[in-house]
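See below for the structure under consideration.
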Amino acid sequence: MRFKLAALPLMLVAATSAAENYNSITSAGYSNLDFDENDGNQVIAETTYYFDSKESLGPLNEFEYINKASNLSGAFNHFDQASTDEDSFAVAGEYFTNFGLVLGASLANIDDEDINTASLGYLVVPNFLVKLSYVDGDEFSEDDAYAEFRYSHQLSGSDYVGFDLITDDDFEKSVFSSKYYADLGGDQYLTAEFSYSDYENSDSYWQIGADYFLNQRTSLGAKFDENEDVKVGFSHFVSRNVAVEASYSTIHDDGLNIRSFGLNTYGAGNNIDIDVDKFELGFTVQL
């Protein structure tokens, strides 16, 4: 009996740390944007259904770096600020064949501009994906083609470091990103991310970030970029299926693109300095 009681905490820890499987991930969020002169509001919702279940690595919202499951997804974005009131949406899908070929397509309408994408990829080995994408959009002066190279290097256990490079056919636009995931032991985990983008006739841009997981369900995160903008936030799963999130970020931009933390320059013009405080609340449902 004494042995059984002593082993009980270890059994509970093992149960807590067990991986979970999900077939769908749906998230929604509301943001209040405090501009210099007028407040704005943003509502984002997105969902993805995977035809094969996804297994969590440890934290309930962390999965393998290279997705290998066929999926369908949809996204909606509403933004209003002063006289601006805009809706954007997108639908997309990917199909993974048994012999490594990956077919993908997306349809999007952003600020009343249609942007359509078709992609063809190949999973060279389980940890290396090559993809070619063709983009046809109203807002493009000419159609664009992009190549993506995504690689994951496995470390000990479930730890990995991943790399992703996207570039156009003229090497005038490129985005590089990397992610490190580590199981620290004791039901604690760490992720660190870095991204760098470079566009011809535009300034380059970099961003770093990290998330520390107190356990499978709770994490604290922070981001910092070259504009000295910051973002801090937390996420907590109240059950294995539902998480709540909150964050605060500062955003500054002096041109056409507010690239920090995914906010677009709705209604912004040339040579306009923009400073924004962003407060966000959201939730995620994983089934």
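Side-chain atoms are counted along with the backbone in the values below, which use heavy atoms only and exclude waters and symmetry mates. The shown structure was predicted, so the numbers you read here are calculated from the model rather than taken from an experiment.
Side-chain polar atoms of Y22 and E55 form no donor-acceptor pair below 3.5 angstrom. Between the side chains of T284 and E245, at least one donor N or O lies within less than 3.5 Å of an accepting N or O.
Note that the NE2 atom of H236 and the OG1 atom of T218 stand 4.5 Å from one another [nearest 0.5 Å]. In this structure, CG on D39 lies 5.0 Å from CG on N32, to the nearest 0.5 angstrom. To the nearest 0.5 angstrom, S133 atom OG is 9.0 Å from L120 atom CG. Between the OG atom of S197 and the NZ atom of K173 there is a distance of 12.5 Å, given to the nearest 0.5 Å. L287 CG to T47 OG1: the interatomic distance, rounded to the nearest 0.5 Å, is 9.0 Å. Taking CG of N77 as the reference point, atom CD1 of I44 lies at 4.5 Å (rounded to 0.5 Å).
In terms of modelled atom types and a separation under 3.5 Å, the side chain of S70 and the main chain of F96 share a donor-acceptor contact. Between the side chain of S31 and the backbone N or O of L33, no donor-acceptor pair lies under 3.5 Å. A donor-acceptor contact shorter than 3.5 Å links the side chain of S178 to the backbone of G162. No donor-acceptor pair under 3.5 Å is formed between the side chain of D80 and the backbone N or O of T84. Remark: the backbone N or O of V230 is paired with a side-chain donor or acceptor of T250 at under 3.5 angstrom. Distance alone, capped at 3.5 Å, is enough to place a donor-acceptor pair between the Q286 side chain and the L60 backbone. In this structure, the side chain of D225 engages the main chain of N227 through a donor-acceptor pair within 3.5 Å.
A salt bridge links K179 to E62: one of the charged nitrogens lies within less than 4.0 Å of a carboxylate oxygen. Salt bridge D34/K278: absent, no basic N to carboxylate O contact under 4.0 Å. A salt bridge is absent between E20 and K54: the closest approach of a Lys/Arg side-chain nitrogen to an acidic carboxylate oxygen does not fall below 4.0 angstrom.
Side-chain atoms of F237 and V244, non-hydrogen and from C-beta on, never get closer than 4.5 Å to each other. At a threshold of 4.5 Å between non-hydrogen side-chain atoms, the residues V135 and Y146 count as touching. Using a 4.5 Å heavy-atom threshold, the side chains of Q207 and K223 count as touching.
By the side chain to side chain donor-acceptor pair (under 3.5 Å) test, Y95 pairs with no residue at all, sequence neighbours left out. For N109, the side chain to side chain donor-acceptor pair (under 3.5 Å) partners two or more places apart in sequence, or in a different chain, are D114.
The hydrophobic cluster containing I208 also contains F163, counting ILVMFWY residues as joined when their side-chain heavy atoms lie under 4.5 angstrom apart, directly or transitively.
Nearest heavy-atom pair across S53 and N23 is N-ND2, 3.4 Å. Considering all non-hydrogen atoms of both residues, P126 and K68 come closest at O-CE, 2.7 Å. Counting all heavy atoms, side chain and backbone alike, F63 lies closest to N61 at CE1-C, 3.8 Å.
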Please test E86 against Q81 for side chain to side chain contact (heavy atoms under 4.5 Å, CB included), starting from the C-alpha separation and ending with a verdict.
-> CA-CA 9 Å; E86 298 171 342; Q81 190 257 334; over 6 Å; no
List the steps and the verdict of ring pair (Phe, Tyr, Trp, His ring centres under 6.0 Å) for Y196 and F176.
-> CA-CA 5 Å; Y196 176 83; F176 171 80; 8.3 Å; no
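Using cut-offs of 30° and 60° on the angle between ring planes, the pair F213 and Y189 is perpendicular.
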Please tabulate, one pair per line, all N/O donor-acceptor pairs under 3.5 Å involving side-chain atoms of residues 150-158, not counting sequence neighbours.
| from | atom 1 | to | atom 2 | distance (Å) |
| --- | --- | --- | --- | --- |
| R150 | NE | Y65 | O | 3.3 |
| R150 | NH1 | D164 | OD1 | 3.1 |
| R150 | NH2 | Y65 | O | 3.1 |
| Y151 | OH | H153 | ND1 | 3.4 |
| Q154 | NE2 | G157 | O | 3.3 |
| Q154 | NE2 | S158 | O | 3.4 |
| Q154 | NE2 | D159 | O | 3.1 |

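Y181 and Y160 have their aromatic ring centers within a separation under 6.0 angstrom.
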